[in-house]
Amino acid sequence: MNQFIQSLVDAISAGAVLGLAALAIGLVFGVIRLANFATGEIITAAAYSLILTWHLGWYVSIPISILVAVGISLLMELAVFSRMRKAGPATLLIASFGLSFLLQRVYELIFGNNVRTAPVASELAQSVEVGGIRIQMLSVTTIVLTAVLLIALQLFLTKTSLGLQLKAAAADFRTARLVGIPAGRVIGLSFALSGILAAAVAFVLTVQSGAVGPDFGVRITILALVGAVIGGIDKISGSLAGGFVVGFATSMLAAWLPEGMTNFKDAFVFVLVIAVLLFKPSGLLIKGRGVVRT
Amino acid sequence: MSNTTSAKATTQSLRWRLGPLWSLVSLLLIVVAATMVTTMFGKSLQVQAQYALVNLVIVVALQLFIGTSGVLSFGHVAFVAMGAWTVGLLTIDPTLKKNLLPDLFPFLMDAQAQWVLAVLIGGLVGGLLALIVAPVLMRLNGLQAGIATFALLGVVNVVLTYWSSIGPRSGQSMVGIPEVLDLKLTMLFALGSIIVAWLFQRTRPSRLLRAAREDGIAAAASGINIVTQRVIVFTVSGVIAGVAGGLFALTNRVVQASQLFVEMTFITLAMLVLGGTLSLSGAVIGTLVFSAIDVMLSNLQSGIDIFGLSLSIPQGTRPIILGLILVLMLMFKATGLTGGREFVWPFRTVRPLPGNPPTNE
């Protein structure tokens, strides 16, 4: 039982991280139909910033990592995606795939192929015992951090004018423009928020591993993208929920699959994904079929 | 009078039939010429050319599916991996195999085949996997199709990496694949794949699918079962990709699951996008141009001398430039170098292949 609760907490925390990453993808997708594969490289950039500046103190390092993430995210938009407004989602996905590959090689060139290490917030890597249950501090921190971020995002999206504009644009970009919402500002905002979320994801992952290499963000982005799509990338809540489901499932499978099968956990998740896509191609949280089935 | 009309009609229809033949012949000539040029240079260039030809077969397979259906596939490298695995298992020396891959299923341990046969079996295995997954995957469009095919690649990669009953123990590689394939033989396979793809693009399923690509609703309303047509084309394209995997195994002579994953998917997609997804000539031109740039950059990276002036670019810039090429191409000319057109006979106008405008799906 205790073991189950431990794995449950870990799974919720894994789901929370992936949910944030999927949200980072979904926010941008809602506005410009871009499923940004290069979100992983925003995460990687934030992780490098944390690792390389951690010795300056967390109050310096964390803001720097957020700034770097937001900066890179906006730079992607300005340099590449703003020039591709007429392209369809599939073309945009391939372009972001190329950008991801490109940035990974740039990181390799700058930081080398070996991982860089630093004990980022190593206090959080310990575990505490509560009523006979060993709980990782990081899992709790992750869950709290995610909750705070989600509440803040929710308040921003419903209580501020800018947030409402973004929400409207994510729901229906064309109509939003028709009623006079400035497209450029909203798009920039979605990229900036995506950068902040990516920085949060990078923080959790960096505490977990204490090391970062050029392909640091790839695996989580693949899973987050997959999660966002099965949850319903058209809706902000869909991306979040889908990411959570994938993270939760992966973590639970890792904990409970029989010995010798754990290596195959990603395969099970991918099969699950194909099954979900087959029955609900537009996503779990979207009502009806949504896409034209031909 | 009627006689001359019918004679005229016959010549015209002959021209219609033979005219497009140039779109095949020109591609074959280009590939042969490019290969012949590389044989005039050193051994290392020939090795690079052989890899380029293997990639060409993969890109032809990709184009056959993506170009005809307008549906994105990140999953073709899964079929390539199946082909490579098959050829590895069938051609490694039996004693070596016992030591290297001790956990194999008995029937795989005993299986052995001559390499040409092994490559063809590899194609069948790739096609079989495609046929099995197609009825599920082919229902999806756009982004969902991209994600689902990627999920397929993920499953295959995990299974090949960790399942030691069908390959090496986790993370290890298959070595000892015989050195039998040379540049000319690879070229023959590449030419063969182009011919097969070209012929197949003239068959009914391909035509129906091109119609569906242009307007899915109209095609469905005309009674085309799009899923069925997609399954057929996907399977054929899976066979070609499987063959390409076999060729990769024989060229690289070491096979590891990690080589057959995201990076190969990226490189081959980049080649196709560079040339243009909508035409077979796009696949050929894209692969050749991309490979030529790749070779030049890798030579520049190791430094070359021009008139006593040594030129070089820093290590690691090569993949960056290749990535840039893909991104810039998509930004400024998403239809690729060929713009989705096939080569036409330069001296007299013939009917171009149907379907040129790019789909934004």
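First the proteins, then the strands, lettered A, B, ... as listed; each starts at 1. The figures that follow rest on heavy atoms only: side chains count, while hydrogens, waters and symmetry mates do not.
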Applying a strict 4.5 Å limit to non-hydrogen atoms, the region of A:Ala35 in contact with chain B is side chain
Exercise. Determine whether A:Asn263 and B:Trp163 make a side-chain contact, defined as any pair of heavy atoms from C-beta on separated by less than 4.5 Å.
Key: no
One should read off an interatomic distance between B:Leu326 CG and A:Leu102 CG, to the nearest 0.5 angstrom, of 9.5 Å
Next on the checklist: Just so I know, are the side chains of A:Leu225 and B:Phe150 near enough to count as touching, which here means a heavy-atom distance under 4.5 Å?
Outcome noted: no
Report task. Can you label the angle between the A:Phe101 ring and the B:Phe266 ring as parallel, tilted or perpendicular, going by 30° and 60°? Result -> parallel
One option among B:Thr161, B:Ile320, B:Thr149 has the most heavy-atom pairs under 4.5 Å with chain A, and it is B:Ile320
Turns out that what part of B:Val262 lies under 4.5 Å from chain A's heavy atoms comes down to both
Between the CG atom in A:Leu109 and the CZ atom in B:Arg318, the distance rounded to the nearest 0.5 Å is 13.0 Å
Between B:Val327 and A:Gly98 the two heavy atoms that sit nearest each other are CG2-C, 3.8 Å
Comparing A:Val271, A:Ile94, A:Asp266 against chain B, the one with the most heavy-atom pairs below 4.5 Å turns out to be A:Ile94
When rounded to the nearest 0.5 Å, the distance separating CZ of A:Arg83 from CG of B:Leu328 is 10.0 Å
Whatever's closer than 4.5 Å to a heavy atom in chain B on A:Phe29 counts as side chain
Ranked by heavy-atom pairs below 4.5 Å to chain A, first place among B:Ile325, B:Leu324, B:Leu269 goes to B:Leu324
Under 4.5 Å to a heavy atom of chain B? For A:Ala79 that would be backbone
d(A:Ile222 CD1, B:Leu153 CG) to nearest 0.5 Å is 8.5 Å
Correct closest heavy-atom pair for B:Val136 and A:Leu278 would be O-CD1, 3.5 Å
If you tally heavy-atom pairs under 4.5 Å between each of A:Val273, A:Leu99, A:Val106 and chain B, the highest tally belongs to A:Val106
For A:Met84 and B:Leu330, the nearest pair of non-hydrogen atoms, with its separation, is CE-O, 3.6 Å
*For atom CZ of A:Arg177, decide whether the heavy atoms of other residues, nucleotides or ligands shown that lie under 6.0 angstrom number more than 12.*
no
Heavy-atom closest pair (A:Ala267 atom, B:Val155 atom, distance to 0.1 Å) is O-CG2, 3.7 Å
Counting heavy-atom pairs under 4.5 angstrom with chain A, the leader among B:Ala148, B:Gly323, B:Pro319 is B:Pro319
For B:Val158 and A:Phe264, the nearest pair of non-hydrogen atoms, with its separation, is CG1-CA, 3.7 Å
What one should report as the nearest heavy-atom pair of A:Ile274 and B:Ala151 is CG1-CB, 3.7 Å
Among A:Val229, A:Leu103, A:Val226, the residue with the most heavy-atom pairs under 4.5 Å to chain B is A:Val229
